[in-house]
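Computed from a predicted model, the values in this text were never measured in an experiment. All values below come from the heavy atoms of this structure, side chains included, with hydrogens, waters and symmetry mates left out.
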Amino acid sequence: MKRVLVTIDEEAVEDSIELLEVGRLIYGEQGFLSYALAAGGRYGEAGKLYDYLIRVKNGPLPNYDAATIARCIESLHRIYCFDAIVVPATHWGRMIAPRAAMRLRAGLVADVTGVGTDGDQVWMVRPAFSGRVLATIVCRGVGPVMMSVRPGVFSYSGPVKSAELIEVDGQDFKTPGVRLIERREKPVARDIRESQVLISGGGGAMRDFDLLERLAEALNGMVAASRKVVDMGGAPRAIQVGQSGKIVSPRLYIAIGISGSSPHVAGIRNAEYLIAVNSNRHAPICSLADIVVEGDGRTFVEGLLERIEAANTATRGGEG
Amino acid sequence: MDRNSVLELVAGILPASQINTDADELYDAAADRYKKYAKARKVLDAPTPVAIVYPRTTEETARVLSMCNEHGINVIPRSGKTATEGGLENWKENTLVVDARDLNRIIKIDETNMQATVEAGVVLQTLEDELNKRGLTTGHSPQSKPVAKLGGLVATRSIGQFSTLYGGIEDMVVGLECVFPDGHVARIKNVPRRAGGPDIRHIVIGNEGTLCYITEVTVKIYRHFPENHVFFGYLIPDVASGIKVLREVMVNGYRPSVARVYSEEDARQHFYHFYKGKCVLLFLAEGNKGIVEATCAGIEEAVAKFEDRIIEQVDSSLIESWFTHLNWSQQDIDDEFQGMIDNDSHAGFTTEVSADWETIPTLYDNVIKRIREEFPRAHDLTMLGGHSSHSYINGTNMYFVYNYAIHCAPEDEMRVYHHPIQRIIVEETLKLGGSMCHHHGIGKYRNEWTQEEHGSAYIMLEKLKEAFDPNGIMNFGTLFYQEEGARFQK
Amino acid sequence: MRILCLLKLVPDVDQLEYDRERNVLIRENVRLVLNPEDATAAATALGIKRDAPDSTIEAVSMAPRGAMPHLEDLVRRGFDHATLISDPRYAGSDTWATSRVLARTLETRDFDCVFCGTHTLDGGTGQVPAQVAEALGLPVMVGISTLVELDPRAGQAVVDVDGETALMRFSVALPAVLGFQYDPARKLPPIRYEDLNREVSGQITVLGNNELGMDESELGLKGSLTQVRRVGVDGREAKEPVLLRDDQEGLDKVYRWLDQKGFLER
């Protein structure tokens, strides 16, 4: 029976819990025992989905104290001999996992977006070269297989369980080194470079920026613009994307009515997903897009908003 | 003589509304696109002119010039401001920039005799738009067309994208009017051809403002058949293969209006969506239906003859769509300007040369090799390549393009990056017997090689300068090397 | 104050082309650039030296020989010393092998702080700073947006980090590994004209495995604990984009795609 350890980041509890799916993909639903390490003290519904829940007395061990948590993981591994250790690739997980891997002399693959098996071997997929390629990686050596996994990629739905509790003593692992002085909740992102979703309008969408705002709002993103629009006074320079504007790397870039000249494209090269909406499907930007919607920008945005708003009404239980 | 005295003299000739002493505009007038980066970062070393003046008539122009001639005031003739080789840069304290802004009338469009007459300050695009309405064209289409004006286009012996069919500006000019430093106005009349002694138009065409001020130009006009345009595009393994195909087309007597070969890195800038890391060969066949059909057949024949050098054909609509968005606009220029302020980079530089068919491939390879091996900052290069874009029966041009990450202070960029690269290109070209300046003009930044470029014929240029500008007031530093200007070049 | 900067030279990602026929990235003729976040780290170190001229700042980079001009440029900008760790046996090292080589190089050195970037343009794992820290038994913090204070005598650095949900300020005990986040405003200073051709070979050391003495089995591809099996494209450049129209069917598909990718969650 295989054993999989998942660490729960107290700032991303739901995302962490979902990593159970990684275990299922590799070993099958019945093929492994799952352990959730709630070093930071919060663990949401993990107790109902994992076989074991590890809590820390004399804790919590905060997520930013990577050295301490790495020692805790090592100690647990010495006892339970995990086959795989999965860490959410949050800012903190990406310090915890490498430290733990170093202590365990295990291979670690970062920012994994896909997993599978090839016989006995586990393979993991991750973006490389600033997202331009996907690399498939395997671990060598005695293991455990270690990976940090991008939040939001996997989701788990499985049988409800009742986790057995394991308790460890935080005092055994605490190392001085990093101390939190102050914490301030972040204000809403104002810079388009910080937005994960950008709805960008070009010359072909000059009169539709009001609609673009609504779509941006619906997708939790921001509106951006091409140089042409900014020059014609249709948008402020602060949201201009391109070589002489801002270089952005959102998860999603929807380009509406943008032809995609080389300087503009230089600004969005690192966008993970690109949807191009253009009346000309030979516009240069289309060759870089994941999805090309040939047609009218306004029609596209309105249609999309309709669907999103309909779904929201439905989930609100028929309001309005 | 101090600046105020110069201003007083000018005020005696032109009203205040035609004299500009705005500080920002004078700073801008001190240099052209050659020093675009230093200008954007406000570290220009060139002195600012005393004023920019806008004569409204030939007669006013003549009075300004003769006044300057009498008092030794440097004159920079200017129209569209698109110069790229320092031709508009100022190297003297007492300088007047004489701008053709108000010499902007389209005088006559003569469809019977297929000639258009305009003043020097008419924007080429404006004339072209007027002609297009009537199904006509100038046939002249440099990338600066939306901004450049006829005076400068003639003064620099400019060439346009369709030159392989229509020729360069020298083939298009019929007659012209110009003013000499002593105030003399010369009109060269419009005749289709003559043998009345040497062709004196060629003293003016290409003089780069060193001999006279052009006030009016008459150009030939052509019937325009954009509906017959046929585009061709191909991916090829290297520049030499493309040159072979270009030569085949030309030597067989075909005249596509556009015939180009791009190296990989240059192709990347323009055709990233289909170039697949290869070189690009492209053509445009234009004209009357019969001519287009024949030209297409000629192109296809040439391509077929070298089919082992053709990787694949590119969808014509991609070439067409690229072509229609190629030209600069004032916004493109302003935009690059802003980019230079915000980031430590610009859109690159070019050095364009020409040579015969046999020489060009060797020239290209030698230059690329030397730059990669000898240039001390080669590790900063972000682009190095070139394209051939103007072909003749006996040869073609090579337009080298290069860009680099700038790791020095803005005021040092020229001497650390641009000049060493340019030097290699010029040296290799002159060594192989080509011309170091295909169509941008020598300006000020290749003037150390003017003599070598012309060899024993150089004396003919020198004599012209002595004859027409004995006081040396016309565009000091352009074409002819000046020791006094060396400090701006180093 | 002694600061060591771990710097990586990476391929200029924008210049990389993917060869679909051979399924490899074409890395020939791609220039090396200093990883942008490492440049921020280097610029920070140079800023500290400018304010405290008797500090010593050193650049350390594990790279192929082609990296030499870049290290020379750093010395010309004010780094006291640069070390290039280069050995053909190190080729193909993953982050584990790399971190061990770097740790071996650093463990004999005296320093107050190690600066580095956080993520690289090529690998982008962000693992090396933490692995080097673990190998040396030091605290680590990455993603630093501001170095508020660096006080070796008090034994602490104060840093600001832009976390996912909050801005946080930490005290990190020195010596430590500090990984910086890219800051476009904090740039490497230009090289002064008179320094461009300055002879700096006396300030550069090249180390190979003969000097570092690591066991051959721990090196390069063989010594790595992870291995790249295959590199492919994420579809953007390998296959044609999905072509839709702005009709009901197309919009439905886009909507479903957004849902599936998680963009519709609130």
Side-chain angles (χ1 to χ4, degrees), chain A residues 11 64 66-67 70 90-91 94-95 98-99 102-103 106-111 123 127-130 132-141 152 176-186 197 219-220 252 269 273 275 281 286 288-296 299-300 303-304 307-308, chain C residues 13-14 16 18 25 94-96 99 121-127 130-131 133-135 139-143 158 163-173 176 224-236 241-246 250-252 254-255 257-258 261-264 266:
Chain A
E11 283 177 65
Y64 54 78
T90 59
H91 186 82
R94 297 180 76 168
M95 284 187 279
R99 293 199 79 129
M102 209 68 184
R103 295 188 82 86
L108 169 65
V109 182
D111 204 26
W123 52 259
F129 291 97
S130 302
R132 299 198 59 196
V133 294
L134 288 176
T136 303
I137 320 259
V138 298
C139 291
R140 301 165 75 226
V178 179
R179 184 172 58 84
L180 178 67
I181 296 176
E182 190 195 338
R183 181 198 169 96
R184 263 181 296 148
E185 296 308 310
K186 275 174 76 164
V197 174
L219 295 177
N220 228 356
L252 173 63
R269 223 103 227 155
Y273 296 112
I275 298 179
R281 68 182 174 95
C286 296
L288 290 180
D290 296 275
I291 298 177
V292 169
V293 178
E294 186 185 0
D296 176 57
T299 308
F300 170 82
L304 203 50
R307 283 159 175 74
I308 296 174
Chain C
V13 168
D14 280 341
L16 282 175
Y18 186 76
L25 272 175
D94 69 351
T95 57
W96 158 265
S99 302
L121 290 182
D122 55 355
T125 63
Q127 287 170 189
Q131 290 190 308
E134 184 63 47
V140 69
M141 183 51 65
V142 301
V158 176
E164 263 126 48
T165 55
L167 291 165
M168 299 161 81
R169 177 164 292 191
F170 295 100
S171 160
V172 184
S224 298
L225 292 176
T226 59
Q227 189 176 64
V228 177
R229 269 268 215 83
R230 201 167 26 99
V231 164
V233 284
D234 65 353
R236 185 174 304 156
V242 172
L243 197 51
L244 302 171
R245 304 226 44 163
D246 61 354
L251 285 164
D252 280 337
V254 173
Y255 177 78
W257 184 92
L258 289 172
K261 295 289 181 202
F263 291 111
L264 297 178
R266 301 292 301 182

* Find the one option among S171(C), A130(C), A173(C) whose heavy-atom pairs under 4.5 Å with chain A are most numerous. =>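 Highest number of heavy-atom pairs under 4.5 Å: S171(C).
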* When heavy-atom pairs shorter than 4.5 Å are enumerated against chain A, which of D94(C), T95(C), V254(C), V158(C) gives the highest number? ->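 Counting heavy-atom pairs under 4.5 Å, the top option is V254(C).
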Counting only non-hydrogen atoms closer than 4.5 Å, does [X] touch chain C with its backbone (N, CA, C, O), its side chain (CB onward), both, or neither?
{"X": "V197(A)", "result": "side chain"}
{"X": "D111(A)", "result": "neither"}
{"X": "I275(A)", "result": "side chain"}

* Looking at I137(A), T299(A), V178(A), V138(A), which one has more heavy-atom pairs under 4.5 Å with chain C than the rest? ->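 Most heavy-atom pairs under 4.5 Å with chain C: V138(A).
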* Asked: Measuring heavy-atom distances to chain A, does D252(C) have an atom under 4.5 Å in its side chain, in its backbone, in both, or in neither?
  ->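 Backbone plus side chain of D252(C), per the 4.5 Å heavy-atom cut-off to chain A.
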* Where on A135(C) is there a heavy atom nearer than 4.5 Å to chain A: the side chain, the backbone, both, or neither? ->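 Contact with chain A: backbone and side chain both.
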If I take atom [atom1] from residue [X] and atom [atom2] from residue [Y], how far apart are they, to the nearest 0.5 angstrom?
{"X": "R99(A)", "Y": "Q131(C)", "atom1": "CZ", "atom2": "CD", "answer": "10.5 Å"}
{"X": "Q227(C)", "Y": "W123(A)", "atom1": "CD", "atom2": "CH2", "answer": "16.0 Å"}
{"X": "W96(C)", "Y": "L108(A)", "atom1": "CH2", "atom2": "CG", "answer": "11.0 Å"}
{"X": "E182(A)", "Y": "L167(C)", "atom1": "CD", "atom2": "CG", "answer": "9.0 Å"}
{"X": "I181(A)", "Y": "R169(C)", "atom1": "CD1", "atom2": "CZ", "answer": "7.0 Å"}

* **P241(C) vs D290(A) side-chain heavy atoms within contact, under 4.5 Å** =>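 Side-chain contact under 4.5 Å: no.
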